[in-house]
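Data first, discussion second: the structure below is written as structure tokens.
Naming convention: chains lettered A, B, ... in sequence-line order (proteins, then strands); numbering from 1 in each chain.
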Number of protein chains: 2
Amino acid sequence: MHTPYHHGDLPNALRCAAAEVIAEKGVGNFSLREVARRAGVSHAAPGHHFGDVRGLLTSLAIEGFEALYAAITAAAAKHNDPAEKLIAMGTAYVTLATKRPAHAQVMFRLDIVDPEDPELMAAGLRAYTALHDVVAEIIRSEHLSADADDVTNLCWSTMQGLVELQPKLDYLDELQGRKPIKTNDRVRRFQQLILSGARSGARTR
Amino acid sequence: MHTPYHHGDLPNALRCAAAEVIAEKGVGNFSLREVARRAGVSHAAPGHHFGDVRGLLTSLAIEGFEALYAAITAAAAKHNDPAEKLIAMGTAYVTLATKRPAHAQVMFRLDIVDPEDPELMAAGLRAYTALHDVVAEIIRSEHLSADADDVTNLCWSTMQGLVELQPKLDYLDELQGRKPIKTNDRVRRFQQLILSGARSGARTR
DNA sequence: GATTTGATGTTGACGTTGTCTAGATTCGAT
DNA sequence: ATCGAATCTAGACAACGTCAACATCAAATC
């Protein structure tokens with residue numbers, strides 16, 4: 001029974017363990033020692049790869065943005081119609097947050113990740129640009145007067161807000177005896193409202 | 001120089017100190033002992049009023065929802081036109097988050113506040129209902145076919161998303177050489193897009 | 001093959017943290 | 001004056017993140 005001294009893939013094992021801990025307990029109850037225990041290394045080992053807790057969480061956030069980029073571009077690629085692309089992207093955004101609660105919980109947390117990390121900024125911008133391009137395509141192909149930045153920012157804000165509020169909205173539906181709405185349907189309704197607004201000629205430039 | 005044994009208004013002093021610490025360091029770097037130090041009491045004193053950290057943060061979240069309710073209803077009261085009420089409420093929502101960053105940071109944090117606290121749930125529902133009522137008024141007075149729940153949820157999601165993303169959006173504007181947008185203007189543009197969508201006849205029921 | 005170097009991992013120390021408990025203080029009710 | 005409860009303190013404890021010294025290992029160099 002021989003355990004090698006070197007783990008072999010510790011950064012990834014630590015990110016996985018971190019995601020697990022956060023998914024189970026929430027990021028507010030995160031513990032680096034718990035992560036190290038789950039990865040099977042000493043409590044100080046993560047420091048060699050990520051520097052400190054902030055470094056590990058920043059790495060997780062980067063991974064989250066990369067996964068987001070992959071998800072929204074893959075979702076968009078399944079459609080030809082730009083409006084359907086946008087709706088698919090919105091759905092992919094919210095679905096990813098549900099599948100990867102840990103990543104969703106850290107991606108926009110200025111207090112616990114390093115917002116100025118170049119890799120993080122690049123990954124965030126990349127995902128944003130993918131969304132912006134589809135919005136711009138809608139506006140161009142339909143000759144809309146709405147501002148692509150405004151519509152992109154509105155879509156992103158909406159999706160991010162929905163990620164955060166989803167449990168609350170589900171609870172409100174239950175409280176008021178409304179039939180539970182699937183995430184896909186809720187996203188579609190929201191995106192359709194936004195698109196209708198953009199199509200109606202509302203001036204935002 | 002006599003310091004009374006009893007503080008006299010410690011729960012409030014602790015909430016103020018907690019808000020201060022969170023505003024300065026972010027909620028991820030919150031420390032109950034730091035709060036106690038700032039309030040001038042021993043480290044174990046907050047426990048007598050709030051039980052544990054979770055209790056204190058839950059109390060702060062309640063205070064946040066109450067302030068939100070006060071802000072959005074006051075903003076709405078300055079207008080007669082329901083659409084202007086909605087825009088004013090959106091602006092008040094985002095402005096409050098800017099003025100009270102600590103409260104904004106805890107209000108929707110399921111991991112560190114008690115989401116099932118009856119007072120918290122009641123305060124949240126009260127604020128939500130105020131928004132919902134204005135949306136319903138718009139829909140009724142303009143004979144719109146949009147679903148009041150959907151439009152309310154979309155507005156709330158958008159505002160909440162904007163609260164979280166504001167620094168990122170400001171940074172993107174700067175990165176791309178765009179003229180900085182005032183919060184009021186951004187909120188107005190978003191709400192106008194949403195209202196246009198609702199007015200256009202987009203079916204969400 | 002032997003040595004060196006740097007990446008990677010361990011161990012232990014330390015200051016800080018939140019929680020718990022026993023004791024102290026105060027105030028209102030009896 | 002006494003009692004009880006709310007409120008506060010002080011100390012103990014386990015857990016935490018970080019730091020530094022040391023250990024291990026693998027690749028590069030001689």
Quick check on DNA chain D: between A:R54 and B:H49, whose nearest nucleotide comes earlier from the 5' end?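 On the 5' side of the pair lies B:H49.
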Closest to side chain of B:H48, choosing from C:dG9, D:dG17, D:dC8: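 Minimum distance to the B:H48 side chain belongs to D:dC8.
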Does the [N] base have a donor-acceptor partner in the side chain of [X] within less than 3.5 Å?
X	N	answer
B:H6	D:dC8	no
B:H43	C:dT19	yes
A:Y5	D:dC25	no

Take the C1' atoms of the five end pairs on each side of the helix from C:dG1-D:dC30 to C:dT30-D:dA1, derive the two axes, and give their angle rounded to 10 degrees.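 The end-segment axes of the helix from C:dG1-D:dC30 to C:dT30-D:dA1 are tilted 0° relative to each other.
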Trace of the side chain to side chain contact (heavy atoms under 4.5 Å, CB included) decision for A:V21 with A:S31: CA-CA 8 Å; A:V21 169; A:S31 154; 5.6 Å; no
If the plane angle is over 60° it's perpendicular, under 30° parallel, otherwise tilted; pick one for A:Y128 and A:W156.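 Because their plane-to-plane angle lies in the 30° to 60° range, the rings of A:Y128 and A:W156 count as tilted.
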Before giving the answer on side-chain hydrogen bond (donor to acceptor under 3.5 Å, both in side chains), spell out for B:R188 and B:T91 the whole-Å C-alpha distance, their side-chain angles and the decisive distance to 0.1 Å. CA-CA 7 Å; B:R188 180 172 288 273; B:T91 301; over 6 Å; no
For the pair made of [atom1] in [X] and [atom2] in [N], what is the distance, rounded to whole Å?
X	N	atom1	atom2	value
A:H7	D:dC25	NE2	P	16 Å
B:L14	D:dT7	CG	P	12 Å
B:D9	D:dA6	CG	P	18 Å
A:F50	C:dA7	CZ	P	16 Å
A:D52	D:dC16	CG	P	17 Å
B:L56	C:dT19	CG	P	10 Å

For DNA chain D, determine which residues of residues 30-41 of chain B have any heavy atom closer than 4.0 angstrom to one of its atoms, and list them numerically.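 Heavy-atom contacts with DNA chain D come from B:R33, B:V41.
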Pick one: which of A:V134, A:L144, A:T152 meets side-chain contact (heavy atoms from CB on, under 4.5 Å) with A:I139?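 Single side-chain contact (heavy atoms from CB on, under 4.5 Å) partner of A:I139 among A:V134, A:L144, A:T152: A:L144.
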Among B:L131, B:T158, B:V163, which one satisfies side-chain contact (heavy atoms from CB on, under 4.5 Å) with B:Y93?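 Among B:L131, B:T158, B:V163, the one that satisfies the side-chain contact (heavy atoms from CB on, under 4.5 Å) with B:Y93 is B:V163.
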Go through it in stages, so that I can follow the logic: the residues are B:M159 and B:M89, the test is side chain to side chain contact (heavy atoms under 4.5 Å, CB included), and I'd like the CA-CA distance, side-chain angles, deciding distance and then a yes or no. CA-CA 10 Å; B:M159 294 308 107; B:M89 284 170 120; over 6 Å; no
Pairwise 5' ranking along DNA chain C for A:G8 and B:V53, keeping only the more 5' one: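 With A:G8 and B:V53 compared, the 5'-side residue is A:G8.
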Using a strict cut-off of less than 4.0 Å between a Lys/Arg side-chain nitrogen and an Asp/Glu carboxylate oxygen, indicate whether B:R186 and B:D173 qualify as a salt bridge.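 Looking at B:R186 and B:D173, the cut-off is met.
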Could you tell me whether A:K179 and A:E174 make a salt bridge, using a distance below 4.0 angstrom between a side-chain N and a carboxylate O?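 No, this pair does not count.
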Roughly how far, to the nearest 0.5 Å, is CZ of A:R199 from CD1 of A:I194?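 CZ of A:R199 is found 12.0 Å from CD1 of A:I194.
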